[in-house]
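Remarks on the structure that follows.
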Amino acid sequence: MYSVNIERIEKDLYELANFGFNPKDKGIYRQGLTDIDMQARRWVMQQFEANGLKTHMDGVGNVCGRLGNPDKPAIIIASHLDSVPAGGMFDGTLGVMAGLECIRVLRENNIEPKHPIEIIGTSEEEGRFGGMLGAQALSGNLNFQWLESARDPKGEYLKDAMQKCGLDIHDALHCRRDPASLKAVLELHIEQGPVLEKQQKTIGVVDGISGVFKWLVKLKGKADHAGTAPMDMRSDAFMGVADFAHEISRIIDEEGTDKSRLTIGRVDLKPGYAHTIPGEAHFTLVGRDMNEEVMQQIANSCGKVLSSIARKHKLRFEYEQMSWLEPKFFSPKLVDLIEQQAKELGYSYMRMPSGAGHDIQFFTDITPTGLIFIPSVGGVSHAPDEWSHWQDVEQGSNLLLATLLEIAQDKVSIDQ
């Protein structure tokens with residue numbers, strides 16, 4: 001049984017964390033398509049080259065290192081290199097560095113895989129511009145209109161950010177991988193939630209990724225003086241938000257499942273003065289579930305409840321559906337293989353869905369895919385105190401290696 005060298009993975013992750021590290025809050029600031037992000041990508045390419053991989057950066061900034069016959073379908077191990085502002089050192093980068101360590105183990109043991117293996121550090125996964133640019137480019141889920149119009153929250157256009165990094169949006173549409181060139185796609189990632197730790201499991205064998213819808217909701221009433229308008233004569237938009245927030249649990253109890261989620265993530269009040277009753281409330285509403293019919297039931301119920309609350313408070317209710325992503329399910333054969341390898345390695349595990357999106361979801365329709373989770377301490381991620389124990393990192397990486405070897409040596413059939 002072959003094993004990874006955890007000391008090398010640890011060293012890689014600490015070195016990569018230096019790109020964008022802020023000593024004041026201990027967070028990592030490495031947003032996609034920034035100068036520090038490109039510095040990190042060049043460093044990763046150096047590590048790929050030093051370990052004998054044929055290396056290149058594609059038209060959207062994905063860094064790719066390949067071992068083996070270029071003419072045969074490849075097994076891809078992919079995850080992202082960018083971070084959220086004040087992010088942690090494991091999110092995304094774990095999957096890339098663990099993939100590189102798998103290559104080291106193969107080369108040290110003179111293992112010649114029957115299929116080429118490619119490690120990819122994807123670009124702009126954290127959605128600075130509203131998508132997962134690198135994975136969408138690789139899987140053919142981009143169009144020129146979006147590339148031209150996408151902007152970040154500060155108003156910078158994607159095309160301008162790419163140009164600053166020496167990239168051209170026209171090249172982004174040439175990054176698509178032919179499905180016939182893919183054998184499988186694997187990703188190792190931290191859970192970013194508390195379930196594995198609470199259940200005292202080392203491994204999450206992920207069977208799918210939740211669907212998600214995002215609404216921009218507007219409740220419109222009448223701004224008024226906070227001191228002179230009687231309570232029963234107000235059209236207070238914020239009261240509508242507050243009432244709806246209290247209904248979320250009931251909506252999920254009646255229409256959802258244990259995998260359902262509803263979140264109000266941002267609320268903007270207008271005019272936004274301490275002594276003025278809010279005349280308008282704009283807020284985001286994000287819903288998730290593993291069943292698209294359940295998602296629709298939840299969305300319908302939200303609309304009905306918001307309409308009723310608006311009437312109660314003399315408000316006008318409007319909403320815009322910003323996005324609707326259906327649930328994605330991983331290859332049953334590959335999920336079974338990951339589970340079997342976890343058993344053989346003696347690791348505690350559980351099957352589970354992912355409530356967060358990941359690069360790998362864009363490949364589910366074109367090739368066998370599989371996702372492995374390891375625990376996040378306290379369920380924390382996207383924060384400076386994001387952490388995973390090195391023992392868990394080692395076991396997750398060994399499971400990735402074992403799964404990779406089974407596929408690379410044609411010991412199992414995973415064809416869909």
Taking the six-membered ring of Phe19 (Phe, Tyr or Trp), confirm whether the NZ or CZ of Arg30 is under 6.0 Å from its centre and within 45° of its axis. no
Any donor-acceptor N/O pair, Asp152 side chain to Phe129 backbone, under 3.5 Å: no
Over 12 non-hydrogen atoms of neighbours within 6.0 angstrom of CD in Gln391: no
Is any NZ, NE, NH1 or NH2 atom of the basic residue among Glu318 and Lys220 found under 4.0 Å from an Asp or Glu carboxylate oxygen of the other? yes
Not counting sequence neighbours, which residues clear side chain to side chain contact (heavy atoms under 4.5 Å, CB included) with Met239? List them please. Asp236, His313
Flag if over 12 foreign heavy atoms under 6.0 Å of NZ, Lys54: no
Is there a side-chain contact between Ile119 and Leu67, using heavy atoms and a 4.5 Å cut-off? no
Can Lys312 and Asp243 be counted as an ion pair, charged N to O under 4.0 angstrom? yes
Walk me through whether Glu386 and Ser381 qualify under side-chain hydrogen bond (donor to acceptor under 3.5 Å, both in side chains). CA-CA 5 Å; Glu386 169 185 287; Ser381 182; 2.8 Å; yes
Hey, are Glu254 and Arg250 close enough for a salt bridge, meaning a charged N less than 4.0 Å from a carboxylate O? yes
Derivation of the ring-ring contact (aromatic ring centres under 6.0 Å, His included) call for Trp390 and Phe90: CA-CA 11 Å; Trp390 292 117; Phe90 293 92; 5.4 Å; yes
For Glu394 and Asn398, what are the C-alpha separation, side-chain angles and deciding distance, and is it a side-chain hydrogen bond (donor to acceptor under 3.5 Å, both in side chains)? CA-CA 6 Å; Glu394 182 177 22; Asn398 276 329; 4.6 Å; no
Closest non-hydrogen atom pair, Ser331 against Ile414: OG-O, 4.1 Å
Any side-chain heavy atom of Phe21 sitting closer than 4.5 Å to one from Lys26? yes
Is any side-chain heavy atom of Leu186 less than 4.5 Å from a side-chain heavy atom of Thr369? no
Take Thr122 and Asp359 through the test side-chain hydrogen bond (donor to acceptor under 3.5 Å, both in side chains) and record every step on the way to the result. CA-CA 8 Å; Thr122 59; Asp359 286 305; 2.8 Å; yes
Any donor-acceptor pair under 3.5 Å from Arg41 side chain to Gly121 backbone: yes
When you measure from the side chain of Lys159 to the backbone N and O of Leu147, does any donor-acceptor pair fall under 3.5 Å? no
Quick one: does Ile36's side chain get under 4.5 Å of Tyr29's, heavy atoms only? no
Contacts of Asn51 that satisfy side chain to side chain contact (heavy atoms under 4.5 Å, CB included) - sequence neighbours left out: Leu100, Arg104, Arg107
Could you tell me whether Lys183 and Glu118 have a side-chain N and a carboxylate O separated by less than 4.0 Å? no
Spacing of OG belonging to Ser260 relative to CE belonging to Met290, to within rounding of 0.5 Å: 11.0 Å
Ignoring hydrogens, what is the shortest heavy-atom contact between Ile9 and Ser397? Give both atom names and the distance. CD1-OG, 3.5 Å
Whether the Ser376 and Glu191 side chains hold a donor-acceptor pair (N or O, under 3.5 Å, no angle test) is what I'd like checked. no
If only atom types and distance count, is the side chain of Glu326 paired as donor or acceptor with the main-chain N or O of Glu292 below 3.5 Å? no
Starting from the C-alpha separation in whole Å, work towards a yes-or-no answer on side-chain contact (heavy atoms from CB on, under 4.5 Å) for Val206 and Ile372. CA-CA 6 Å; Val206 186; Ile372 300 166; over 6 Å; no
Do the side chains of Arg177 and Asp58 get close enough for a salt bridge, i.e. N-O under 4.0 angstrom? no
Carefully, step by step, assess His189 and Asp91 under the rule side-chain hydrogen bond (donor to acceptor under 3.5 Å, both in side chains). CA-CA 7 Å; His189 207 280; Asp91 180 14; 3.0 Å; yes
With side chains defined as the heavy atoms from C-beta onward, is the minimum distance between Asp12 and Leu16 less than 4.5 Å? no
So does Ile28 get a backbone contact from the side chain of Asn22, meaning a donor-acceptor N/O pair under 3.5 Å? no
Can you establish whether the number of heavy atoms outside Glu112 located under 6.0 Å from its atom CD is more than 12? no
Using a cut-off of 6.0 Å, state whether more than 12 heavy atoms not belonging to Glu108 lie near its atom CD. yes
Could you report the tightest heavy-atom contact between Ala137 and Ala172, atom names first, then the distance? CB-O, 4.0 Å
Below 4.0 angstrom, N of the basic side chain to O of the carboxylate: do Asp365 and Lys328 qualify? yes
Any sub-3.5 Å donor-acceptor pair from Gln341's side-chain atoms to Leu345's backbone N or O? no
One thing to verify: whether Glu280 and Lys218 come together as a salt bridge, which I'm taking to mean a side-chain N less than 4.0 angstrom from a carboxylate O. no
Are Trp146 and Gln136 close enough that a side-chain donor and a side-chain acceptor fall under 3.5 Å? no
Tell me if a side-chain donor or acceptor on Asp289 pairs with a main-chain N or O of Asn291 at a distance below 3.5 Å. yes
Would you say the side-chain atoms of Ser388 pair up with the backbone N or O of Pro375, donor to acceptor, closer than 3.5 Å? yes
Greater than 12 external heavy atoms within 6.0 Å of Lys304's NZ: no
What about the rings of Phe144 and His170, do their centers lie closer together than 6.0 Å? yes
Around atom CZ of Arg8, are there more than 12 heavy atoms from other residues, nucleotides or ligands closer than 6.0 Å? yes
Check whether Ser301 reaches the backbone of Gln297 with its side chain - one donor and one acceptor, N or O, closer than 3.5 Å. no
Would you find more than 12 non-hydrogen atoms of other residues, nucleotides or ligands less than 6.0 Å from Gln163 atom CD? no
Please set out all donor-acceptor pairs under 3.5 angstrom arising from side-chain atoms of residues 208-217, sequence neighbours excluded.
from	atom 1	to	atom 2	distance (Å)
Ser210	OG	Ser354	O	3.4
Trp215	NE1	Gln321	OE1	3.4

Glu255 vs Ile298, test: side-chain contact (heavy atoms from CB on, under 4.5 Å). Steps then yes/no. CA-CA 6 Å; Glu255 306 292 348; Ile298 291 171; 4.3 Å; yes
What about Phe48 and His56, are their ring centers closer than 6.0 Å? no
Looking at Lys270 and Asp268, does any basic side-chain N land under 4.0 Å from a carboxylate oxygen? no
Could you pull out the closest heavy-atom pair between Pro353 and Phe373, with the gap in Å? O-CE1, 4.4 Å
Could you tell me whether the side chain of Met295 reaches within less than 4.5 Å of the side chain of Pro327, counting heavy atoms only? yes
Between Thr34 and Arg128, is there a side-chain heavy-atom distance shorter than 4.5 Å? yes
Side chain Ser307, main chain Val305, donor-acceptor under 3.5 Å: no
Is it true that atom CD of Gln200 has more than 12 heavy atoms of other residues, nucleotides or ligands lying nearer than 6.0 Å? no
Do Trp387 and His389 touch side chain to side chain, with heavy atoms closer than 4.5 Å? yes
